[in-house]
Amino acid sequence: MSEAERTIERIRPQQFHGTAGLEDWRVVGEGACAFFRVPSFGVGARLVQGIGALPGVPGPGDDAPPDVDLRRDGVTVRLITVTGDYYGLTERHVEVAREISALARLLGVVADPSRVQTVQVTVDALVGADVVPFWRALLGYENRAGSDEDLIDPRRRGAPFYFQRMAAPRPQRNRVHVDVWVPYDQAKERIAAALAAGGRLVNDADAPSNWVLADPEGNEACVGVAGPPGEDFE
């Protein structure tokens, strides 16, 4: 297999998690992410500068440059390929993730996987084709690759919107809810915290990949994980 063929090979979240050398990273709803704690903004800036200079990191014309967010206490890096027909991970991301983790270690920066998460807004719709255009125009979003029911921020900053098909009107329940994607090894702790804060478990039929919770007034939210490394990750 050539280098070009190898770098575009698509992989599933479970494959990513099962690969050695990626302990700093977690796949959530929007790609593979890592959070690196930094002692100062300056150290974080050096990490970002170093990421940009890594030989394996794609340039701005590539379909898979890392998304990097620098804050005073840490740097969040997200790896995902966005093309006209694909929105997900490739073998190339494995190499880039390893390079970024190695750079962080050289700078004395430590990863904290517990700080990784992404949030998605889900809207229940009877006829998605009627509803999606409104939200696309209102948000200034675009359709996700290969999907007519997912909208994403073209700048990849705002929460994505997913339009879930509803078979019949459901006036007794809210029709908009938040999906919180967390690392597979943080889900139970996050759920326990939400329950302790007054929430209740509505449905765990899809565990260990998804749990439906509700606040004290019945507003629902889901906790989701991507690609847990085994059938049971207790």
Side-chain angles (χ1 to χ4, degrees), residues 10 12-13 26-33 35 60 62-69 71 76-90 93 115-183 186-187 190-191 194 199-207 209-227:
R10 300 174 181 182
R12 303 291 297 170
R26 297 292 186 275
V27 182
V28 283
E30 299 294 299
C33 298
F35 176 85
D62 202 293
D63 61 21
D67 294 327
V68 182
D69 184 279
R71 303 298 168 119
T76 301
V77 185
R78 176 174 63 177
L79 303 175
I80 191 166
T81 288
V82 180
T83 65
D85 64 352
Y86 186 59
Y87 191 86
L89 297 171
T90 70
H93 294 129
R115 294 286 297 273
V116 170
Q117 75 169 33
T118 58
V119 175
Q120 171 180 278
V121 178
T122 297
V123 179
D124 292 338
L126 290 169
V127 183
D130 293 343
V131 174
V132 173
F134 167 83
W135 289 98
R136 184 170 55 234
L138 179 68
L139 297 168
Y141 276 21
E142 299 174 350
N143 284 93
R144 192 180 74 177
S147 174
D148 294 326
E149 56 191 23
D150 293 89
L151 295 177
I152 59 171
D153 180 354
R155 292 161 296 281
R156 298 202 292 229
R157 295 180 62 189
F161 272 57
Y162 168 62
F163 296 84
Q164 181 171 269
R165 184 175 181 181
M166 187 170 56
R170 211 168 50 209
Q172 74 277 15
R173 292 173 58 189
N174 55 302
R175 290 176 55 180
V176 178
H177 70 268
V178 174
D179 294 322
V180 182
W181 293 85
V182 300
Q186 297 294 319
R190 184 67 64 90
I191 292 167
R200 62 183 175 86
L201 180 64
V202 176
N203 190 335
D204 63 355
D206 294 322
S209 60
N210 187 76
W211 295 259
V212 182
L213 309 179
D215 70 15
E217 294 191 358
N219 300 300
E220 294 181 2
C222 293
V223 175
V225 303

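Model, not experiment: these values are computed from the prediction.
- Here Ile80 contributes atom CD1 and Cys33 contributes atom SG; the two are 8.0 Å apart, rounded to the nearest 0.5 Å.
- Within a 6.0 Å sphere centred on CZ of Arg71, other residues, nucleotides and ligands contribute 12 heavy atoms or fewer.
- Taking the six-membered ring for Trp and thresholds of 30 and 60 degrees, Trp135 and Phe163 have ring planes inclined between 30 and 60 degrees apart.
- Listed for the Asp215 side chain is a donor-acceptor partner under 3.5 Å among the backbone atoms of Gly218.
- Of all heavy-atom pairs between Gly128 and Pro133, the closest is O-CD, 4.2 Å.
- Under the 4.5 Å side-chain criterion, counting only non-hydrogen atoms from C-beta, Val176 is not in contact with Thr122.
- Proximity of Tyr87 to Ile152: side-chain heavy atoms (C-beta onward) are separated by under 4.5 Å at one or more points.
- Smallest separation of non-hydrogen atoms from Arg157 and Asp153: N-OD2, 3.2 Å.
- Remark: the backbone N or O of Gln117 is not paired with any side-chain donor or acceptor of Arg26 at under 3.5 angstrom.
- Expressed to the nearest 0.5 Å, how far CG of Asn143 lies from CG of Leu151 amounts to 5.5 Å.
- Contact of the Arg136 side chain with the Glu142 side chain is not registered, since no non-hydrogen atoms from C-beta on lie closer than 4.5 Å.
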*Evaluation steps, side-chain contact (heavy atoms from CB on, under 4.5 Å), between Leu139 and Phe161*: CA-CA 10 Å; Leu139 297 168; Phe161 272 57; 3.7 Å; yes

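- Annotation: the span from Asn203 atom CG to Leu213 atom CG amounts to 10.0 Å, rounded to 0.5 Å.
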*Please assess Arg190 against Val180 for the test side-chain contact (heavy atoms from CB on, under 4.5 Å), listing each intermediate value before the final yes or no.*
CA-CA 10 Å; Arg190 184 67 64 90; Val180 182; 3.8 Å; yes

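- Side-chain atoms of His177 and Cys222, non-hydrogen and from C-beta on, do get closer than 4.5 Å to each other.
- Contact of the Trp181 side chain with the Val225 side chain is not registered, since no non-hydrogen atoms from C-beta on lie closer than 4.5 Å.
- In this structure, the side chains of Asp179 and Val119 stay at 4.5 Å or more apart for every pair of heavy atoms.
- Taking all atoms of both residues into account, the shortest heavy-atom contact from Tyr141 to Pro154 is CA-CD, 4.0 Å.
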*Test side-chain contact (heavy atoms from CB on, under 4.5 Å) on Arg78 and Glu30 and set out the steps.*
CA-CA 8 Å; Arg78 176 174 63 177; Glu30 299 294 299; 3.3 Å; yes

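- Using a 4.5 Å cut-off on side-chain heavy atoms (C-beta onward), Thr81 and Leu89 make no contact.
- One N or O on the side chain of Ser209 and one on the backbone of Asp206 form a donor-acceptor pair closer than 3.5 Å.
- Heavy atoms from other residues, nucleotides or ligands lying under 6.0 Å from CG of Asp148 number 12 at most.
- Contact annotation: the side chain of Val68 never approaches that of Thr76 to less than 4.5 Å [non-hydrogen atoms, C-beta and beyond].
- Using a 4.0 Å cut-off between charged nitrogen and carboxylate oxygen, Asp124 and Arg175 do not count as a salt-bridge pair.
- A salt bridge links Arg10 with Asp85: at least one charged nitrogen is closer than 4.0 Å to a carboxylate oxygen.
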